[in-house]
Amino acid sequence: MLTTSRRGVRAVALSTVFMGGLAAFAAAAQPQAEVLHYWTSGGEAKAAAALKADFEANGGKWTDNAVAGGAGDAAMTVLRSRVLSGDPPAAAQIKGPNIQDWAKQGALGNLNKVAAAENWDKVLPPQITSIMKYNGNYVAAPVNIHRIDWFWANPAVLAKVGATAAPKTWDEFNALADKLKAAGITPLAHGGQAWQDATIFETVVMGLNGAAFFKKAFVDLDDATLRSADMNKVFDQMRKIRGFVDKDFPGREWNAATQMVMNGTAAMQIMGDWAKGEFLAAGKVPGKDFLCTPVPTQGGYLMNVDSFAMFNVKGDDKLAGQLLLAKLIVGEKFQETFNVYKGSIPARLGVSMDKFDSCATKSAEDLKSSIAAGTLMPSMAHEMATSGAVRGAILDVITQHFNSSMTSADAAKKLADGVKLAK
Amino acid sequence: MQSSLRSSLSRLVVAPTFLLVLVFVYGFILWTAYVSFTGSKMLPSYEWVGIDSYVRLWQYERWHVAITNLFIFGSLFIAICLALGCLLAVMLDQKIRIEGTLRTIYLYPMALSFIVTGTAWKWLLNPGTGVQAFVRDLGFPEFTFDWLINEQFAVYTLVIAAVWQSSGFVMALFLAALRGVDQEIIKAAYLDGASLPRIYWGIVIPSIRPVFLSAIVILAHLAVKSFDLVVALTGGGPGFASDLPANFMYEMAFRRNQINIGAASAMMMLCTVMAIIVPYLYSELRGAKRG
């Protein structure tokens, strides 16, 4: 505590001296930004520190406001009270449709100036700029792209039943899983939490019915699609998958499931690319100790994009800080360093992938092809596709179906009814 | 002069607390009540829309599950705590040697937070690591105790953990009351040849009836408020099979940007508590007036 405050004092003293020198020819104050985020653990904290260092190196004053807990719930509560009391932070870590919700409240600022100067329309994929814009104006800056639809597999375990790679289709998956189960190996490591159930579910939706269906169901929330026979098939596959997880799965954390793949008690896990961090932290080598293979999704790509929304703040120093922050976030240098730490890939196109591992390189390649094919979709499970209310209603049905003996037809009906109620 | 100063001083001392309670408890109860009649989503709005959020609340299957669970959990929790607490108190009342030590042992769980209780019982009840694994290792491979991961039974694991935590407290309440029972009556009953169980059943327990009422009120509001235990022990799962109303409220208000539905469910919980507390206060106040 003491050292921090002393360092703070020193920083202020230093900056005063510095400012005194500058004041002669620069009337504008030092750019500053208070940043509300929930990157508080391991690689995430390191990644956030990288942004801070970058910001300070460019003459900015960074006020860190990290709120841990509840996967961002706690941070959102803080944000809500700050905005209501008329004192919002300069930037807050918000993603997906929540950006639109905040913009609708008139709480967000405008980044068009920096976006035009930095050519964001060209360097960012259109599927991402549409999330960052409200009424055609940029209100947020994307940080990274996490891919959701990954198999994380243990090749040594797969070899026990004569397989050399993760399955390419869901039929192959079922056949392989049956073989693994017969050999006494848990085919799929899974944690029974609603969002993890939904993570598997959305990859199955893409795999069986394709990206167009996915968009109709979870972006457009089309009632007929949600009730359709194709949706029944997805629930049928989920019922099969339920047979492929071990008995003790309820409540398990995702990283405990990753451990099961690592130590060979389970063969595969379906999880976003943050799972890679667990393997790397244990000193495992991609391609040798573990395999990262896209889940069969008919050439699709499910993305989870972290971003910072910029709030309406007053004062030139704060506005300057916001623009500087936005510029740095989308800048090539930050996109590279940050994403190497975080395990994701740059949201900016054309960043050199030299420093990234093979999984990230594959992710970047698939991203390009899915953009071209129009199969890049926002993740429903990770709150990129719909509002929190609708997502919650969908998750309720998925997890209830997965944890009971509900029929697929009932589940599809409940899904459509739940979405209608929450819309 | 001095007495008037003293009385105004005591008022002065109480005033800030009174004001704080007025604003932060009753003020916000009214605020929540108002918000439950608005269309608030992510941020509170003050546009009146009527009972829409209550209508929607009762359409949520998850809310029905939470309410059913509250009744299962609440009634079992209260009944078992009372029975167990009473039994322990009576046994400790037999002038045994290490009463002080035993009393501390039984009362100790109360000193833990529900988060700690929940986490510890989560390990104990987890079939892979806890009781089931232990008994199977003892040589009973068919033994099954998987309530924690069984959607039909998960709510009963909440009862187990909550009873473990609170029955010692109920015991302490009863023990204090038992010590207050007039020993002369008991001696008289002895001389009349009444057996020990009969003395307890016929004389002692009826004479400590008010303690039952206090215990029920305390336990009932603990049950309605339960939130942390669910978070730590089952996480509401499997699925949302072991959700309680407080968890539903948190989920709606803070995770799903449905502040109006969250407020409506909070008001329903308040009504539940009121239904228990008001008759109790009424009987207490009436009793005080009569005495």
Side-chain angles (χ1 to χ4, degrees), chain A residues 70-77 79-81 83-84 94 97-98 100-102 104-107 191-197 242 246-253 256 265 383 386-406 414 417-418 420-423, chain B residues 40-45 52-53 55-63 65-66 118-119 122-123 125-130 132-133 144 146-154 157 230-243 248 250-262:
Chain A
D73 291 347
M76 286 310 105
T77 308
L79 178 64
R80 218 173 294 188
S81 60
V83 172
L84 281 176
I94 306 176
N98 278 328
Q100 306 295 320
D101 286 347
W102 281 108
K104 253 178 238 159
Q105 303 286 339
Q193 296 172 330
W195 70 269
Q196 297 190 51
D197 298 340
R242 171 64 201 262
D246 63 325
K247 272 184 79 182
D248 297 337
F249 78 98
R252 179 187 288 142
E253 296 293 335
T265 50
E383 224 174 328
T386 66
S387 71
V390 173
R391 170 191 178 254
I394 297 173
L395 260 59
D396 278 354
V397 178
I398 295 171
T399 192
Q400 202 188 5
H401 169 266
F402 199 69
N403 286 291
S404 69
S405 50
M406 192 192 289
K414 274 191 185 185
D417 291 346
K420 217 188 251 174
L421 184 63
K423 248 201 271 193
Chain B
S40 306
K41 293 281 181 217
M42 184 171 67
L43 294 172
S45 81
D52 176 57
S53 49
V55 173
R56 281 155 49 115
L57 172 68
W58 286 99
Q59 288 178 347
Y60 272 102
E61 188 180 352
R62 191 167 178 158
W63 173 248
V65 169
T119 310
K122 183 169 148 181
W123 293 332
L125 294 171
N126 185 320
T129 56
Q132 178 181 307
T144 308
D146 61 352
W147 287 7
L148 190 66
I149 58 169
N150 184 323
E151 107 233 28
Q152 307 283 346
F153 289 98
T157 62
V230 181
V231 171
L233 183 58
T234 64
F240 50 85
S242 59
D243 250 5
F248 179 90
Y250 179 80
E251 179 77 24
M252 286 297 159
F254 297 110
R255 286 207 170 134
R256 297 195 184 174
N257 292 340
Q258 304 255 61
I259 289 184
N260 57 347
I261 306 256

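The chains referred to below are lettered A, B, ... by the order of the sequence lines, with proteins before strands, and numbering in each begins at 1.
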Chemist: Among Ser45(B), Gly128(B), Gly235(B), single out the residue with the greatest number of heavy-atom pairs under 4.5 Å to chain A.
Modeler: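 The answer is Gly128(B).
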
Chemist: Please classify the contact between Gln59(B) and chain A as side chain, backbone, both or neither, with a heavy-atom cut-off of under 4.5 Å.
Modeler: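 Both parts, heavy atoms under 4.5 Å.
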
Chemist: Quick one: sort the Trp147(B) and Phe153(B) rings into parallel, tilted or perpendicular, breaks at 30° and 60°.
Modeler: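 Judged by the thresholds at 30° and 60°, the geometry between Trp147(B) and Phe153(B) is parallel.
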
Chemist: Could you have a look at Glu61(B), Gln258(B), Glu151(B), Met42(B) and say which one has the most heavy-atom pairs with chain A under 4.5 angstrom?
Modeler: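 Highest number of heavy-atom pairs under 4.5 Å: Met42(B).
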
Chemist: Any non-hydrogen side-chain atom of Leu43(B) less than 4.5 Å from a side-chain atom of Asp101(A)?
Modeler: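 They are not in contact (no side-chain heavy atoms under 4.5 Å apart), so the answer is no.
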
Chemist: Go through the atoms of Ile259(B) and report whether side chain, backbone, both or neither lie under 4.5 Å from a heavy atom of chain A.
Modeler: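 The side chain, not the backbone.
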
Chemist: Keeping the roles fixed (side chain from Thr129(B), backbone from Trp123(B)), state whether a donor-acceptor pair exists under 3.5 Å.
Modeler: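 Flag set: sc Thr129(B) to bb Trp123(B) pair under 3.5 Å.
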
Chemist: Please look at Ala154(B) and chain A and tell me whether the side chain, the backbone, both or neither of the residue comes under 4.5 angstrom of a heavy atom of that chain.
Modeler: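 Neither the backbone nor the side chain of Ala154(B) comes within 4.5 Å of chain A.
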
Chemist: Is any side-chain heavy atom of Thr265(A) closer than 4.5 Å to a side-chain heavy atom of Asp246(A)?
Modeler: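 Sidechains of Asp246(A) and Thr265(A): no contact.
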
Chemist: For the residue pair Gln193(A) and Glu253(A), confirm or rule out a side-chain donor-acceptor distance under 3.5 Å.
Modeler: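 Checked: Gln193(A)/Glu253(A) side chains pair up, N/O donor to acceptor below 3.5 Å.
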
Chemist: Between Ile149(B), Leu148(B), Asn126(B), who has the most heavy-atom pairs with chain A when the cutoff is under 4.5 Å?
Modeler: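 Looking at each option in turn, the highest pair count goes to Ile149(B).
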
Chemist: Against chain B, label Thr77(A) side chain, backbone, both or neither, depending on which of its atoms sit under 4.5 Å from a heavy atom there.
Modeler: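 For Thr77(A), the side chain is the part near chain B, not the backbone.
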
Chemist: Shorter than 4.5 Å, heavy atoms on both sides: which option in Lys41(B), Met252(B), Gln152(B), Arg256(B) has the most such pairs with chain A?
Modeler: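 Ranked by heavy-atom pairs under 4.5 Å with chain A, first place is Arg256(B).
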
Chemist: Given heavy-atom pairs under 4.5 angstrom as the criterion, report whether the side chain, backbone, both or neither of Arg56(B) touches chain A.
Modeler: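 Contact with chain A involves both backbone and side-chain atoms of Arg56(B).
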
Chemist: Is there a side-chain contact between Phe248(B) and Val65(B) (heavy atoms, below 4.5 Å)?
Modeler: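 Result no, sub-4.5 Å side-chain heavy-atom pair not found.
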
Chemist: With a 4.5 angstrom heavy-atom cut-off, could you sort out which part of Ala194(A) is near chain B: side chain, backbone, both or neither?
Modeler: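 The answer is neither part of Ala194(A).
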
Chemist: In terms of heavy-atom proximity below 4.5 Å to chain B, should Ala107(A) be classed as side chain, backbone, both, or neither?
Modeler: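 Answer is neither: Ala107(A) stays 4.5 Å or more from chain B.
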
Chemist: What residue, out of Ala422(A), Ser387(A), Gly392(A), has the most heavy-atom pairs lying under 4.5 Å from chain B?
Modeler: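 Option with the greatest count: Gly392(A).
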
Chemist: Listed by chain and number, what are the ring-ring contact (aromatic ring centres under 6.0 Å, His included) partners of Phe240(B), not counting sequence neighbours?
Modeler: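 Here no residue qualifies.
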
Chemist: Sort Glu251(B) into side chain, backbone, both or neither according to what part of it lies under 4.5 angstrom from a heavy atom of chain A.
Modeler: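 No part of Glu251(B) comes within 4.5 Å of chain A.
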
Chemist: What pairs with Thr386(A) under side-chain contact (heavy atoms from CB on, under 4.5 Å), at least two apart in sequence or on another chain?
Modeler: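 In terms of side-chain contact (heavy atoms from CB on, under 4.5 Å), with neighbours along the sequence ignored, Thr386(A) is linked to Leu221(A), Val390(A), Arg391(A).
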
Chemist: Output yes when a side-chain donor or acceptor of Thr399(A) lies under 3.5 Å from a complementary backbone atom of Leu395(A), and no otherwise.
Modeler: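 No, Thr399(A) side chain to Leu395(A) backbone: no donor-acceptor pair under 3.5 Å.
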
Chemist: Counting only non-hydrogen atoms closer than 4.5 Å, does Leu84(A) touch chain B with its backbone (N, CA, C, O), its side chain (CB onward), both, or neither?
Modeler: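 Contact with chain B is through the side chain of Leu84(A) alone.
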
Chemist: Heavy-atom cut-off 4.5 Å, strictly under: side chain, backbone, both or neither for Lys414(A) against chain B?
Modeler: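 Contact with chain B: side chain only.
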
Chemist: Answer whether the closest heavy-atom distance between the side chains of Leu79(A) and Trp102(A) falls below 4.5 Å.
Modeler: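 They are in contact (side-chain heavy atoms under 4.5 Å apart), so the answer is yes.
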
